[in-house]
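Predicted model, so just to flag it, every value in this text is computed and none were measured.
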Amino acid sequence: MAGRRSTGSTRRGQRSRRARAEERMRESEERGWKAGVWRWTKRLFVTGLVVGLLGALGLFTAVYFAARSMPSYAALKQSQVGQTILVRARDGSEIVELGPSYGQWIPADEIPQVMKDAMISVEDHRFYSHIGVDPAGLARAVWNAVNEDRQVSATSTLTQQLARNVFLNSNRSLDRKLREGILALALEWNFSKDQILELYLNKVYFGGGAYGIDSASRLFFSHPARELSLEEAAIIAGMVKAPSRYSPTADIDAAVGRANVVIAQMVKYGDLDPATAREVNVEAVNLRETEAQNSIRYFTDWALPQLDLLLPSNTFEPIEVWTTLDVGMQRAATTAIQSNVPGAGTQGALVSLDRDGAVLALVGGTDYVTSSYNRATDAMRQPGSSFKLFVYLAALEAGYTPDDTVNDVPVTIDGWSPRNSGGSYAGQIDLRTAFAYSKNSVAAQLGNEVGFSNVASMARRFGITSQINTYPSMVLGSNEVRLIDMTRAFAAVSAGGNSVEPYGITKVTTVDGDLLYQHQQATAYRLVPDYVAAGITDLLQTAVATGTGRAAQIGRPVAGKTGTTNANNDGYFVGFSSGITTGVWMGRDDNGRVAGLQGGTAPASAFAAFMRYAVRDRPVEEFETDLQLPEWQLEPDDEFYYGDQGDDGYYYYIDEQGNLVEPGRTSRPRGQDGFDVEGEGVNVRRGEPLDPQPVRPGTQPALPGQPQPQPRPVRRPDVPPAASDDFLERATGQRPPESQPAQPRRPGE
C-alpha cells in the first residue's frame, strides 16, 4: 500500500513539474512575441515617420516650386480657356459665336453675398477653414467608400476645382488628382481666400459656353451678376456639378430641383435663415427668352472642324470665320424641311450648293436641340432611284441618246427580277420616258449592258465616297450614300459635267483683321463630255416636267430626280435650277416605314418650297440639252477622242477605286505598296480583292486569270448595241489608239 502511494505521488510530482515547465515556456514565448511585436512596431513607426517626413518634405518642395512658378493674380485674371470663334454669313453678318463666353469681371467685394454663400454651401462648406485640400472631407469619402464597397467619391474643394479649370484637364487619373492637390495648395500659398473665390466665380464653367457668373447671369437671366437674386444665385450655383444636366434652358425641372438642394444646404450650414428659405420660390424666376437653337449649328458642326486642317495647330487666339452660308436660304431650308416631313418622328435633311460648290444652306434634321446628329453630312441612307443618275450617265457615255428605243419588260438578271412601281410595263419606249417615269426594268437592263462596275465607277467619278457594291440591284440605289455626296454629283451635272467640290469657309481672320486663311477655288476636272452632260440634263428636266418629279416644279426650268426605297423608309429628291443644286432626304432614324415618303411627294415638295426662295433673285437659265454628238459617233475619227488637252473631247476617267485615269493609258501605275493595279479586282493600297461580282445561279465564279462572265445584252434585237466592246475598251484606255478599229455607227442609224 505504501509503495503504491509513493509511486502515485511521484507521478503527480512529475506531471506538476512538466506543467510548470510548459507554463514557463509559454510565458517565455509570449514575452518573446511581445518583444518582437514591439520591435516591429518601433521599426514600422520609425519607418513611417521617416517616410512621412520625406513625403512632407517632398510635398512642401513641390508646393513651394509650384507656388514660385505660378502666374501672378493679374495674369490669372487675363487667362482664358478655349478659343472664341465668331462665325459670319455669306454677307458678312454675324450668325453665331462659339466657344467660351466671358462676361464682365466682378471683383470679390461686388459679388452678391448670396452668390458666395450659395456656391460655398453646395460645393465646399469648409472653404474658409481648409488649406486648399480638405483632409476631413477626404477621410470621410474614403471611409464611406470602404464601408459601401465603392470608389472614392469626388471631394474637390473650390480651390482644387479652380486649379483644375485653370491649369489641368478633367480626366480622373491619380496623377491628375495629385497635381491638382499640389496646385491647390500653391494657390492657397499665394493668394487669399477672397482672391481664390473671386477667381473661381469669374472662371468656373456654367454651361452654354458661359464662363463666370456674369456671363451665366446674362445668358440665363438677361442682367449682370451684380443684380443676382437669391433664387437666381441658387440656380447658378447648382449648375456647377453638371452644367448640361442642370441648365435651366435644357431642363427647367432639373434646374429647379437642384436649386432647391442649394437652398437646403445654405440653411444647413447657417448661411440662410430657415424662415427666409421657406419663402423662396425658385420656379418664379424669370428666365431669359432665348431663340430656339436653329439649324445654323448643323452647318457650323460640319464646317468648323475643317479649321483643324486649314489653320496652323498653334492658333489659339480669337478668330472670325467667314462662311458661304446664306442666312435667308438657311431659314427657308429649315422651314421647308419642318413643313413637309410626313408624320411625327420623321426626320429630314437638305443641302444646297452654288455652282462653284459653296454651301448655301445645310439642314441636318428637323430640330437641332432635339437631335444634333447631322443627317445631311453623316447619315448613310439609300438614295433609291436617284442613284439611276449614274446608270444613265454610263449609258449615255456608252453611246445611248435620250431618243433611243428601249424595252420596258420584265427581266431577270443573275436571279434578280426588278419590278416597276405599280407592277406595269410600257413595252417599247424611248430612253427619256424610261428615265422620267423611273422604270426599274430599263435601269436594270442598262446597268447589265454597260456593266455594273462601270456604273460604280461613274458614281465614284462624280464624288460618291461611300462603299459601292456591284450587284445588279445597285442600279436601284441599294448602296448607302451621304446626301451631300449625291448633291455634289448633281451639281457636277449642272456644271456641264465638270467636278464640283463643296466648301463652307471662304476665309479666316483674327479679330484685328489679319488674314489666316483664304479659300482657293479647287481645280475643276471634266468628268464626262459635254454631250453626256447635255443628255443627262435632258433626262433630268423631263423627269420634273412630265415624270415622277412634277412636285418639284417652281415656274422655271428645273432638272432633278426622285428616289424612294422599296420599304418607304428613305425618300430623296435632288435637282438644280439657275445654278443652285439642292438635295433633300427624308426618313426615320430607326429606318422605319413612313407613309407618303415617296421622293416625288414630300422631298420634292420641300425642294420646291426652298428653291422658290433660293432662286428668286437669279435670272432664269435655260438648260443646255442639245446633243452635240462627237464625230466618232457620226463617222470614224480616232483623232477627236484622243485630242490635246485643250480639246473639249479630252477628259479624265476615274476607276472603281477613285483613281484618275487619262484617256489613252494602257495601264495604271503600281500601288505604293508594290501591288499591281493593272487588273480589276485588286485593292490599290492593300492588294485585297474588291467586292465580289454576282455569280449566276448554277455557275462557278471565275478564278483569277480566267475570263469573267459577260453581261447578257437586253436591248431589243432590232436595235444595235449602243457601243461596241472596242469602243468601251478604248474609252477606258484598255486599247492603244494605234490599234483601234473603225468606230461604230450611232445607234439607230
Side-chain angles (χ1 to χ4, degrees), residues 77-88 93-107 110-112 114-116 118-119 122-123 158 161-162 165-166 170 197-263 281-297 300-301 304 318-321 367-370 372 511:
K77 287 177 62 175
Q78 296 299 321
S79 65
Q80 293 185 350
V81 180
Q83 183 182 41
T84 301
I85 301 175
L86 177 62
V87 183
R88 295 187 179 276
S93 61
E94 299 180 9
I95 54 176
V96 65
E97 184 174 359
L98 303 175
S101 172
Y102 297 93
Q104 184 180 2
W105 189 275
I106 310 296
E110 297 182 22
I111 297 175
V114 290
M115 185 71 253
K116 297 178 184 178
M119 190 65 71
V122 74
E123 290 293 323
L158 289 181
Q161 293 180 42
L162 176 63
N165 291 337
V166 175
S170 298
L197 186 59
E198 178 182 324
L199 284 171
Y200 180 86
L201 291 176
N202 281 281
K203 283 184 171 294
V204 68
Y205 182 60
F206 292 101
Y211 284 82
I213 57 172
D214 190 64
S215 178
S217 179
R218 295 176 189 273
L219 175 64
F220 300 117
F221 310 120
S222 299
H223 60 69
R226 292 181 177 86
E227 303 172 11
L228 284 170
S229 65
L230 171 60
E231 293 83 359
E232 293 169 342
I235 291 176
I236 288 180
M239 286 191 288
V240 174
K241 182 178 181 179
S244 60
R245 184 190 311 170
Y246 297 122
S247 169
T249 57
D251 189 339
I252 185 61
D253 293 333
V256 169
R258 179 64 178 168
N260 286 326
V261 171
V262 175
I263 297 294
N281 183 8
V282 179
E283 296 181 2
V285 171
N286 293 321
L287 296 175
R288 174 187 176 186
E289 294 184 4
T290 58
E291 296 181 1
Q293 187 70 274
N294 57 52
S295 61
I296 287 177
R297 290 298 302 274
T300 57
D301 286 354
L304 295 186
I319 58 176
E320 295 185 1
V321 180
D367 183 9
Y368 186 87
V369 174
T370 303
S372 61
V511 291

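Met119 is listed as a side-chain neighbour of Tyr200, based on a closest heavy-atom distance under 4.5 Å. Contact annotation: the side chain of Met239 approaches that of Pro248 to within less than 4.5 Å [non-hydrogen atoms, C-beta and beyond]. You'll find the side chain of Gln104 reaches within 4.5 Å of the side chain of Arg218, heavy atoms only. Inter-residue side-chain proximity for Phe206 and Ser215 is flagged as unmet; no heavy-atom pair is nearer than 4.5 Å. The shortest side-chain heavy-atom distance between Val114 and Ser229 does not fall under the 4.5 Å cut-off. In this structure the side chain of Leu86 never reaches within 4.5 angstrom of the side chain of Ile319, judged on heavy atoms. In this structure, the side chains of Leu197 and Lys116 come closer than 4.5 Å at one or more pairs of heavy atoms. At least one side-chain heavy atom of Leu230 sits under 4.5 Å from a side-chain heavy atom of Ile263.
Applying the 6.0 Å contact sphere to CG of Asn286 captures no more than 12 heavy atoms from other residues, nucleotides or ligands. More than 12 heavy atoms of other residues, nucleotides or ligands sit less than 6.0 Å from atom CD of Glu110.
Between the CE atom in Met115 and the CD1 atom in Ile106 there is a gap of 12.0 Å [rounded to 0.5 Å]. Atoms CD1 and CG, on Ile85 and Leu98 in that order, are 6.5 Å from each other to the nearest 0.5 Å. Note that CD1 of Ile296 and CD1 of Ile95 are 5.0 Å apart. Values are rounded to the nearest 0.5 Å. Taking CG from Asp367 and OG from Ser372, the interatomic distance works out to 10.5 Å, rounded to the nearest 0.5 Å.
Although no hydrogens or angles enter the test, the distance criterion places no donor-acceptor pair under 3.5 Å between the side chain of Arg258 and the main chain of Tyr246. Judged by distance alone, the side chain of Thr300 and the main-chain N or O of Arg297 form a donor-acceptor pair under 3.5 Å. Using modelled atom types, no side-chain atom of Asp214 and backbone atom of Pro224 make a donor-acceptor pair closer than 3.5 Å. Remark: side-chain polar atoms of Thr84 are not paired, donor with acceptor, to backbone N or O of Pro318 under 3.5 angstrom.
Exactly one residue among Leu199, Ile236, Val240 makes a side-chain contact (heavy atoms from CB on, under 4.5 Å) with Val204. That residue is Val240.
Residues Lys203 and Lys77 approach most closely at NZ-O, 4.0 Å, considering heavy atoms. Counting all heavy atoms, side chain and backbone alike, Ala118 lies closest to Ala233 at CB-O, 4.1 Å. Nearest heavy atom pair, residue Val122 against residue Ala237, reads CG1-O, 4.0 Å. Leu219 and Ala210 get closest at one heavy-atom pair: CD2-CB, 4.0 Å. Taking all atoms of both residues into account, the shortest heavy-atom contact from Ser217 to Leu228 is OG-CD2, 3.5 Å. Minimum heavy-atom separation, Val282 to Ala259: CG1-CB, 3.7 Å.
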> Run the side-chain contact (heavy atoms from CB on, under 4.5 Å) check on Val87 and Glu97 step by step: do they pass?
Replying inline: CA-CA 6 Å; Val87 183; Glu97 184 174 359; over 6 Å; no
> After noting the C-alpha distance and the side-chain angles of Glu232 and His223, does the key distance pass the side-chain contact (heavy atoms from CB on, under 4.5 Å) rule?
Replying inline: CA-CA 11 Å; Glu232 293 169 342; His223 60 69; 3.0 Å; yes
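Among residues two or more places apart in sequence or in another chain, the side chain to side chain donor-acceptor pair (under 3.5 Å) test is passed with Asp301 by Tyr368. Under the ring pair (Phe, Tyr, Trp, His ring centres under 6.0 Å) criterion, Phe221 pairs with no residue at all, not counting sequence neighbours.
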